[in-house]
Every structure is written in C-alpha cells, then in structure tokens.
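One structure is given below, encoded as structure tokens.
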Amino acid sequence: MSVLIDHYGRRLNYLRLSVTDRCNLRCYYCMPEEGIAFARKAELLSFDEMERLMRVFAHLGVNKVRITGGEPFVRSGLMPFLENLVSLEGIDEVAITTNGTLIEPHLRTLLHWGIRKINLSLDSLSRERFFHITRRDSFEEVMAVLHKMLDAGFELKLNCVVVARKNTEDILPFVALTRQHAISVRFLEEMPFNGGDHQHAASWNHKDILAHIQQHFTQLEKLPAEPSSTSVNYRVAGHAGSFGIIPAFSRTFCGTCNRLRLSATGELRTCLYGPPAINLRDMLRAGADDSLLQAAIIDAVSGREKDGFAAEAANAAIHHSMSVLGG
Ligand code: SAM
C-alpha cells in the first residue's frame, strides 16, 4: 500500500465523497433558490463506480470517508452503498454530513453498521430564521431528529454558518445548548461557494465569533484538537458538550489539511478553493485500470497548492455551489 503525501509533507487520508449535487433545502449561502443546473444522472458516478474508486483510495492510504452532497439521502441507493463501504478493506471510518430531513428512517441501520459520526447542518434555533436561511419549513423535523440522534448515541456535530444579519443572534443559544447536551457545535465562516448571485461579504470571522462568545461565557477551556482538525475547539466550564470555530474563509488551517474531495461527477479536488485536478469518472469510463487511477491520484496530490489562497489564485471558477464541490 502507498500513501498520499503532497509536496509540503501533508499526508492525505481523508476523503469527502459527494454522492449527489441535489438537495431538498436551498440554503442561501450554498445554492440559488431556482435555476440550478443539476448534473444529469448519466453524469453522476454510479454507486458501483464510487465503490471501485473508494477501493483505489483505500489502497492509497485513505482510511476515513465522509459522505456528503448535496443532500446524501436524496440519492436512492445510498444505503446499500454505505453497507458495502463500511466493510471495504482499509476504510476505518465512515461519517456523514446531512441536513437531517431524510435520515430518520435510517438511524438504527447506520448505528448497526458503525456509522456514528454525523455532522448535522443547522444554522438557527429559531424556526423563522431557519426558514429564511434554508427557504424550507423543516425546522421541527430537524430538531426532532437531532434529539433522536443524541438519544441513540450518535457522535453529533452541528455545522452552523455564521453570517451577519442572518443568524448571529443564534451563536449564544447554540453555545448554551452544549450545557446539557454532549454535542459539538461548530461555527463556520461563510465561504464564497453559493453558485448564484448571493453576495459573499466575509462578515463575521473566527475572531469575531470567539470574541462574541467570550463576552458572555467567560470560563472557556481550549480543548486539545487532532493535528488535522480544521476547528479550534472550546468547552464552557461545566458544559457537557463543546463548540468549535472553523476559519473556513480565513483559512488558517491549511498547513495540516488532510482532505481530498471527490464530487458526484468524479472531479477530484485537493483543495476546496482550487479547480478540479482530474476527473476520475472520465478515466474510469475510458477503461483505466486501478494502477492508472492510482497514478493519476498520486499526480493530482503532488500538484496540491500550499494553501487555500494559492489554490484560489489558480482557480477561475470560484462561484461553484458547495453542493457541487461536496461540502
Ligand atoms: N446537505 C448536507 C448538509 O446540509 O449538511 C451536506 C452538504 S452541505 C454542502 C455541507 C456543509 O457545507 C453544510 O454544513 C453547509 O452548511 C456547508 N456550506 C455550504 N455552503 C457553504 C458556504 N458557502 N460557506 C460555508 N459553509 C457552507
């Protein structure tokens, strides 16, 4: 087995796999409300193709996969794919990022397969603001599934994209939620990936978010983080859960980033801010064998930029939606 190491000595062992570009919500920071050009079915990697590629990645030392999208659970056939994925040799961990609207019927099965780590996207604890942000009235069902997941023993993180005049009043209630619940809330800076005309205006950065929390919760403990963690994590003394702040736009974590992204149409990115390095679907459909695919991935990794700023400078098409990039 080989491992993927980039030009700057970073080992890449974590893949985010987007299984669809479609979503049943329309979060303003991610997608325009209408007029989205979704990929045609034939353009999407089939689940068989994904499984084959996951084997190739596992041979290259990728041992952690996060399933994302779009909303993963809108794609039919996801569950049989996950069942196969968890038993692939070399894959130690399968995690999921979801908006929570469609996962409920699958909770028991996911736990049974050992899929315990779920990132649930939730930008507000107010039904009105949730509706304003997602353009869908799904707040009650998402809150219900959040509590079900906690009760069932999932390791739950909440992803909350913080933006001025949208949801900054939710920051303190989210931190308060960690008092009784063993949950980790992660506040993200907004990134410029919305696929439409929403103006990204880097409003609250990671320092603003922390300063705001510190004004109200004075006893914060900084928590040790994994070397490749993108979040800086804290616990309010006495709270059961914790919170983290992800400088997704400020990009202070690139030096230890261990992530690769594979889009639903086969584009491999070595940085969220960069262009695709290669399209693995096209190679696969042109008949490439596993060793050719491996060589192409190694080559893509060797061309990885130093950080998200350098990758952005090399990218002409930064306006993609996160649902295309694979969040
Ligand atoms: N549909 C799933 C969900 O809602 O979690 C998975 C896909 S979604 C694109 C993955 C994550 O990307 C979500 O937590 C979402 O909040 C985040 N995201 C999307 N667009 C973003 C943006 N422009 N800036 C920051 N985070 C973004």
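Every number for a ligand or one of its atoms is a count from 1 in the order of the listing. Predicted model, so just to flag it, every value in this text is computed and none were measured. Keep in mind that the numbers below use all heavy atoms, side chains included, and drop hydrogens, waters and symmetry copies.
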Item to check | Evaluation steps, side-chain hydrogen bond (donor to acceptor under 3.5 Å, both in side chains), between Asp48 and Ser46 | outcome: CA-CA 5 Å; Asp48 284 347; Ser46 70; 5.2 Å; no
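- For Ser121, a nitrogen or oxygen atom sits less than 3.5 Å from a nitrogen or oxygen atom of ligand 1, counting backbone and side chain alike.
- Within the listing of ligand 1, atoms 1 (N), 2 (C) sit less than 4.0 angstrom from a heavy atom of Glu71.
- At a 3.5 angstrom cut-off on N or O pairs, Met191 counts as close to ligand 1.
- Phe139 is not connected to Phe131 by any chain of hydrophobic side-chain contacts under 4.5 Å among Ile, Leu, Val, Met, Phe, Trp and Tyr, and they are in different clusters.
- For Arg135, the CZ atom sits in a packed shell: over 12 heavy atoms of surrounding residues, nucleotides or ligands are nearer than 6.0 Å.
- For the residue pair Ser184 and Asn233, no side-chain donor N or O sits within less than 3.5 Å of a side-chain acceptor on the partner.
- Here the straight-line distance linking atom CH2 of Trp113 with atom NE2 of His106 works out to 9.0 Å at 0.5 Å rounding.
- Ligand 1 lies out of reach of Asn194, whose nearest heavy atom is not under 4.0 Å from it.
- For the pair Gly69 and ligand 1, a heavy-atom separation below 4.0 Å is found.
- The cationic atom of Arg304 (NZ for Lys, CZ for Arg) does not lie both less than 6.0 Å from the six-membered ring centre of Tyr8 and within 45° of the ring axis.
- Considering backbone and side-chain atoms alike, Glu190 places every N or O at 3.5 Å or more from each N or O of ligand 1.
- For ligand 1 and Asn159, the ligand atoms under 4.0 Å from any heavy atom of the residue are 14 (O).
- Of the N or O atoms in Gly70, one or more lie within a sub-3.5 Å distance of an N or O in ligand 1.
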